[in-house]
> 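Structure in structure tokens, see below.
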Protein chains: 2
Amino acid sequence: MEESIAQLGYRPHAGARALASRHTNVLALVAPLRRDVNVPVIMKFVTSVVTAARSYDHDVLLLTKDEGAAGLDRVAGSAMVDALIVMDVEAGDVRVPVLRGLRQPAVLIGLPDRPAGISCVDLDFAATGYTGVQHLAEHGHRSVALVGPPPAVYQRGTSYAARFLAGFNDAAAHFRLASVAHACEPTFEGAAACLPDIRAELPGVTGLVAHNEAALAPLDIPAQDLGALAVEMVMHLLEGRHGAQTRLLAPTLTERDSCAAPR
Amino acid sequence: MEESIAQLGYRPHAGARALASRHTNVLALVAPLRRDVNVPVIMKFVTSVVTAARSYDHDVLLLTKDEGAAGLDRVAGSAMVDALIVMDVEAGDVRVPVLRGLRQPAVLIGLPDRPAGISCVDLDFAATGYTGVQHLAEHGHRSVALVGPPPAVYQRGTSYAARFLAGFNDAAAHFRLASVAHACEPTFEGAAACLPDIRAELPGVTGLVAHNEAALAPLDIPAQDLGALAVEMVMHLLEGRHGAQTRLLAPTLTERDSCAAPR
DNA sequence: CTGAAAGCGCTTACAG
DNA sequence: CTGAAAGCGCTTACAG
């Protein structure tokens, strides 16, 4: 029987199935498609979410961030999707309260100020900032600077920048280092142009922590892991296994040759 | 009435609507998500397709190319989508006959060998290759070389490479230029490494046509226009306005400062 | 033009 | 356990 069904190429009608079963096996993924984002990182997220979703027999409906809260409401309200994954979430993101009001569960990639009731996954940027400083402290540095992301990133309320800075400051305080943080443009030239300012503010500076996409080989965001984790959390929510939760991935420190004792 | 409906936040159930009306207002978009593609160009296509689809009140279901023909069959067979847009189509792409057998119309971004019955949009790469040579001929060059994409691109059967080469050769013959074509690795170093070989084969070479992503600022593929055009063609097919057709966008030549008369 | 009814193709709860 | 029936929430063709 199963076999003849396959032979005949029978495939259930998705709409009828959704109507009767009350689920669609489709996830919404909201991606920022403006030009100023880090395109390869976004692409990694999208790829990993689609691939992970397929491994759970789900498909992905792709929405752009510029549809805003109305877009979320639209696809959720018309029961096109069973759950939503939202990227590029800002600190005071207006979409968060909207998501809270939907019948479908949501997982944010990013960490808003008040995520109560909504699941979040993100890199632990506070720990990342902390770890960078700690590493320099262990190399004997006593005076460190943060080459941060550009002012626009802080202004947009992108919470990861603030969290990284908080971790940086915490560690500087804890290890009793002199420190200064500086917002820099996301180009090699912009980052380089920051250095004189940093030296002026903190003449004895010997160590730099860079949280700036262009100052380095792109900061290695574990986009693949985060995307897969977001899908896994969605699936657990759909199974009713647990309620909303926040999961922050611990950073891994990669020793390269940029670190040494101060001269 | 309309107003109270909006007030109450009524949104028709997408599954029920699809079942009764026999269409979903969803398009499938198949994107190549392997690492060796030009990520920003893919992203441009995806963005423009999603944005254009929304302007026609349609959503986009994102599939990865590695689901292959089975993925197309799956979403079409279960009536999840009304039509399909397929990127990264190769010359002898096995997905083309599968698409031909589906109930839903499809538009390819790219041009396979035998597109009979399926709509295609692409840049006119033959005209692009031709135009490059013509431009050099008009500047007085008599001996030109093609810095082509790497051998892997030709081997994969990516039809645009062959079409560009054909246009290059046609123009060289027509303008009676000496010419040579060379496959080069898609890095600045790779392209540079080709030059001695080219000079060895054609000592008097004075003009270069580059069809190699890394040799130049990325060749300016009009991804935005192509994506929007693909959606427009899909909509016309869905309205039954016409049958399958191929549309090749004419290249636009941008005069920069890389061209001069031969010394 | 208006409105009640049939039917789209499934799933699921229920009778046997 | 099996199978017929009801029902999911819409659209559309049809009767009035």
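Just so it is clear, the values below take in all heavy atoms, side chains as well, and ignore hydrogens, waters and symmetry mates. As the structure is a computational prediction, the values presented were derived from the model and not from experiment.
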> For DNA chain D, which nucleotides open and close the run of contacts to chain B, 5' to 3', at under 4.0 angstrom from a non-hydrogen atom?
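In short, chain B contacts DNA chain D from dG9(D) to dT11(D).
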
> Given Glu239(A), which of His236(A), Arg241(A), His242(A) fulfils the side-chain hydrogen bond (donor to acceptor under 3.5 Å, both in side chains) condition?
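Of the listed options, the one satisfying the test is Arg241(A).
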
> Quick check: does any side chain N or O of Gln245(B) sit under 3.5 Å from a backbone N or O of Cys120(B), one acting as donor and the other as acceptor?
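Such a contact is absent between Gln245(B) side chain and Cys120(B) backbone.
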
> Please determine if Glu67(B) and Arg95(B) form a salt bridge, counting it only when a charged side-chain N lies under 4.0 Å from a carboxylate O.
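Salt bridge: no.
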
> Using Watson-Crick or G-U wobble pairs with both distances under 3.5 Å, give me DNA chain C in dot-bracket, 5' to 3', with [ ] for crossers and | for pairs to another strand.
|||.||||||||.|||

> For Tyr160(B) and His211(B), take the angle between the two ring planes, folded into 0 to 90°, and tell me which bin it lands in: parallel under 30, tilted 30 to 60, perpendicular over 60.
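Geometry flag for His211(B) against Tyr160(B): perpendicular rings.
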
> How far does the P atom of dG7(C) sit from the matching atom of dG16(D), given to the nearest Å?
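Comparing P positions in dG7(C) and dG16(D) gives a spacing of 16 Å.
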
> Who are the ring-ring contact (aromatic ring centres under 6.0 Å, His included) partners of His23(B), not counting sequence neighbours?
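His23(B): no ring-ring contact (aromatic ring centres under 6.0 Å, His included) contacts found.
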
> Using 4.0 Å as the upper bound for N to carboxylate O, is an ion pair formed by Arg74(A) and Asp59(B)?
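A salt bridge links Asp59(B) with Arg74(A).
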
> Let me confirm one number: the CD1-CZ distance from Ile118(B) to Arg100(B), rounded to the nearest 0.5 Å.
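Output value for this atom pair is 6.0 Å.
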
> As a test of understanding, state which of Asp122(A), Thr158(A), Thr128(A) forms a side-chain hydrogen bond (donor to acceptor under 3.5 Å, both in side chains) with Arg163(A).
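That would be Asp122(A); it is the only one of Asp122(A), Thr158(A), Thr128(A) passing the side-chain hydrogen bond (donor to acceptor under 3.5 Å, both in side chains) with Arg163(A).
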
